[in-house]
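In this text, all values refer to a predicted model and were calculated from it rather than measured experimentally.
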Amino acid sequence: MQNFKHLNTAKSFVRNLSITGTNNIYKPSRGLNFNILTTFLLVLSVLSNNLSAANPKSFTTTNVTFTSSGISLSGTIFKPDHATAAVVIVHGSGQEKRMTEFATLLADNGIAVFTYDKRGVGESGGVYAGPEVGTNNVDAFNLNLLSSDVSSAVDILSKDLQNKVPIGLIGGSQAGWIIPLAAQKNKKVKFMTIFSGALITVKEQLRFQFYTNGDSNFWDTHTEDDARKHIMTDPDRYEFEDTDPNKTLAHLSIPGLWIFGGKDIQVPVNLSIEHLNLLKSNKTKYEYKLYPALGHNTAFSDSKEPVEYAIAWIKNRKSSK
C-alpha cells in the first residue's frame with residue numbers, strides 16, 4: 001500500500017536478479033544476491049530452498065518485450081518443463097523491476113511465470129508514478145493504466161504457452177486493486193491470487209494506514225472498533241479519483257484466493273474479510289486464508305505456509321481451465 005510520507009521499507013515483492021540471454025536453461029542458484037535493506041529477502045531464500053531442494057526442476061527463461069498503451073515494456077518468461085498453471089506477477093507499490101527470485105520459486109514448483117519491469121522502471125519505457133517522483137500512483141487513472149499493462153502481459157504469456165494451461169494473476173498489497181481491474185479487461189485470466197490486498201476503497205485504506213502510522217504494536221493498543229471509526233470518519237488528506245475493488249469483483253466469475261495476516265497494519269483485514277464474505281454470499285468463487293500472527297508481508301514472512309498454500313491452490317486451478 002502506498003504511504004505518501006515514504007515508501008514501505010519492506011517491498012511487497014523481491015528485487016531483480018539479472019538473467020542474460022534468451023531461451024537459457026536455468027537451474028536455481030543456492031546463493032542469490034539479496035538487497036540487504038529488504039530483510040525479508042533472506043526469508044525468501046530459505047523458503048525457496050525448502051520448497052525446491054527435494055525435487056529441483058529445470059526451466060527455460062526467455063526475455064521479451066511487449067507493448068501496452070503505446071509503451072514498450074520488458075520482462076522474462078519462466079517456463080517449467082511440465083507447467084500445470086501459469087501466472088503474471090503484478091507489482092505492488094514502488095519502483096519494482098521484474099521479480100525474478102519470486103518467479104524462480106514459482107517455476108521451481110511447476111508454475112509458468114511472466115514477470116516484467118514496471119513501466120518507467122528498469123528496461124521498461126513509460127513514466128513511473130509514485131511519491132518518490134512527486135506523483136500519485138493510487139488514483140484511478142494510474143491503477144487502470146497498470147492494469148492495462150498486466151492485461152497486455154497476459155496476452156504475451158498466453159501466446160507463448162499456446163493456451164496449454166490456465167493463466168492467472170498473482171500479487172500483493174497495491175496489486176489487490178490492480179488484479180481485479182486486469183481480470184475484468186482480459187478474459188484469458190482464469191484465477192487471482194492476492195496477498196494482503198484490501199477489499200475497501202483506496203481512500204479508506206489510506207485512512208487506516210495513516211491511523212496505524214507504521215506502529216507494529218498497533219493492535220496491542222487499539223481495538224477493531226477504533227480502526228473502523230477512523231476508516232469511516234477521518235477526513236481524506238488527498239483528493240483523487242477513488243477505486244472500489246468490490247464493484248469490479250462483484251462482476252467477475254473466476255476463482256480468487258486472498259491471503260491475509262491478522263496483524264496487518266496497512267490493510268484492515270477483518271473489514272476486508274467481511275466484504276469478501278459478502279461477495280461469496282453472492283455465489284462468487286472467492287476464498288481466503290487468514291494467518292492471525294502474521295503482518296502485511298504474508299508472502300515473505302518467517303512462515304513458509306502462506307506461499308506453500310498459494311502454490312498448492314494455483315496448481316489446482318488446472319481443473320478450472
Side-chain contact test, heavy atoms from C-beta onward, threshold under 4.5 Å: evaluate it for D236 versus R207 and give yes or no.
yes
Looking only at side-chain N and O atoms, does W313 offer a donor or acceptor that is under 3.5 Å from a partner on E287?
yes
Are the side chains of L106 and I311 in contact, using a 4.5 Å heavy-atom criterion?
yes
Using atom types as modelled and distance alone, determine if a side-chain donor or acceptor of T248 lies under 3.5 Å from a backbone N or O of L181.
no
For Y291 together with Y309, are the ring centres under 6.0 Å from each other?
no
Is the shortest heavy-atom distance from the side chain of K285 to the side chain of L252 under 4.5 Å?
no
Measure across M99 and T115 and return the closest heavy-atom pair with its distance rounded to 0.1 Å.
N-OG1, 2.7 Å
Is there a donor-acceptor contact under 3.5 Å linking the side chains of T65 and S72?
no
Side-chain heavy atoms of L249 within contact of T284, under 4.5 Å
no
May I ask you to check whether N246 and D244 show a side-chain donor-acceptor distance below 3.5 Å?
yes
Determine whether L199 and L279 satisfy the following criterion, side chain to side chain contact (heavy atoms under 4.5 Å, CB included), listing intermediate values before the conclusion.
CA-CA 10 Å; L199 280 93; L279 290 166; 3.9 Å; yes
Apply side chain to side chain contact (heavy atoms under 4.5 Å, CB included) to the pair H296 and S173, showing each step before the final yes or no.
CA-CA 8 Å; H296 187 63; S173 197; 2.9 Å; yes
Per side-chain contact (heavy atoms from CB on, under 4.5 Å), V202 is matched among V138, N136, D139 by V138
Atom pair CD1 (I273) and CG (L290), whose distance is rounded to the nearest 0.5 Å:
4.5 Å
Quick one: CH2 on W258 to CD1 on I179, what's the gap to the nearest 0.5 Å?
9.0 Å
Group every Ile, Leu, Val, Met, Phe, Trp and Tyr by side-chain heavy-atom contacts under 4.5 Å, then state whether F260 and I231 land in the same group.
no
Test your reading of the model: is there a side-chain donor-acceptor pair from W177 to the backbone of I200, 3.5 Å cut-off?
yes
Separation between OG of S74 and OH of Y116, rounded to the nearest 0.5 Å
12.0 Å
With distance as the sole test, does K203 use its side chain to make a donor-acceptor pair with the main-chain N or O of F240 at under 3.5 Å?
yes
Would you say Y238 ends up clustered with L143 if hydrophobic residues are merged whenever their side chains have heavy atoms under 4.5 Å apart, either directly or through other cluster members?
yes
For N109, is there any backbone N or O sitting under 3.5 Å from a side-chain donor or acceptor partner on K315?
yes
What do the steps show when you test D160 against F114 for side chain to side chain contact (heavy atoms under 4.5 Å, CB included), and what is the final call?
CA-CA 10 Å; D160 186 85; F114 186 27; over 6 Å; no
For the residue pair F78 and F59, categorise the inter-ring angle as parallel (less than 30°), tilted (30 to 60°) or perpendicular (more than 60°).
tilted
Quick one: do V269 and Y288 end up in the same hydrophobic cluster if we chain Ile, Leu, Val, Met, Phe, Trp and Tyr together by side-chain heavy atoms under 4.5 Å apart?
yes
Any donor and acceptor pair, going by atom type alone, linking the side chain of N217 with main-chain N or O of D220 inside 3.5 Å?
no
Please lay out, stage by stage, how T212 and D215 fare under the test side chain to side chain donor-acceptor pair (under 3.5 Å).
CA-CA 6 Å; T212 62; D215 180 7; over 6 Å; no
To the nearest 0.5 angstrom, please state how far the OG atom of S93 sits from the CG atom of N142.
11.0 Å
Are side-chain heavy atoms of V88 and I156 found at a separation under 4.5 Å?
no
How far does CZ of R317 sit from NZ of K190, to the nearest 0.5 angstrom?
13.5 Å
Counting N and O atoms only, with roles assigned by atom type, does the side chain of T298 sit under 3.5 Å from a partner on the main chain of F195, one being a donor and the other an acceptor?
no
For the backbone of I71 and the side chain of S68, can you confirm whether one donor and one acceptor N or O come within less than 3.5 Å of each other?
no
Applying side chain to side chain donor-acceptor pair (under 3.5 Å), run through S58 and D81 and close with a yes or a no.
CA-CA 7 Å; S58 62; D81 294 338; 3.0 Å; yes
P245 and A198: which non-hydrogen atoms are nearest, and at how many Å?
CG-O, 3.7 Å
Using the rule that two of Ile, Leu, Val, Met, Phe, Trp, Tyr join whenever any of their side-chain heavy atoms come within less than 4.5 Å, decide whether L145 and Y128 are in one cluster.
no
Taking all non-hydrogen atoms of both residues, which atom of L271 and which atom of E224 are closest, and how far apart?
N-OE2, 4.1 Å
Do S69 and D149 pair up side chain to side chain, a donor and an acceptor below 3.5 Å, judged on atom types alone?
no
Closest approach of Y286 and P255, non-hydrogen atoms and distance?
CD2-C, 4.5 Å
A182 and V189 have their tightest heavy-atom pair at O-CG2, 4.5 Å
Side-chain contact test, heavy atoms from C-beta onward, threshold under 4.5 Å: evaluate it for R237 versus L206 and give yes or no.
no
Would you find a donor on one side and an acceptor on the other, under 3.5 Å apart, between the side chain of S158 and the backbone of D155?
no
Between N186 and K188 (side chain of the first, backbone of the second, donor and acceptor by atom type, cut-off under 3.5 Å), is there such a pair?
yes
I'd like to check N63 versus E123 (side-chain heavy atoms, cut-off strictly below 4.5 Å). Are they in contact?
no
Are the side chains of R228 and P268 in contact, using a 4.5 Å heavy-atom criterion?
no
If you measure from OG on S147 to NZ on K185, what distance do you get to the nearest 0.5 Å?
3.0 Å
Closest approach of L73 and G125, non-hydrogen atoms and distance?
CD2-O, 3.9 Å
Could you walk me through whether I314 and V87 pass the side chain to side chain contact (heavy atoms under 4.5 Å, CB included) check?
CA-CA 9 Å; I314 291 170; V87 294; 4.2 Å; yes
Main-chain N/O of S148 paired to S151 side chain as donor or acceptor, under 3.5 Å:
no
Linking I/L/V/M/F/W/Y whenever their side-chain heavy atoms sit closer than 4.5 Å, directly or via other members, would V127 and L146 fall into one cluster?
no
Quick one: do the D117 and S124 side chains pair a donor with an acceptor below 3.5 Å?
no
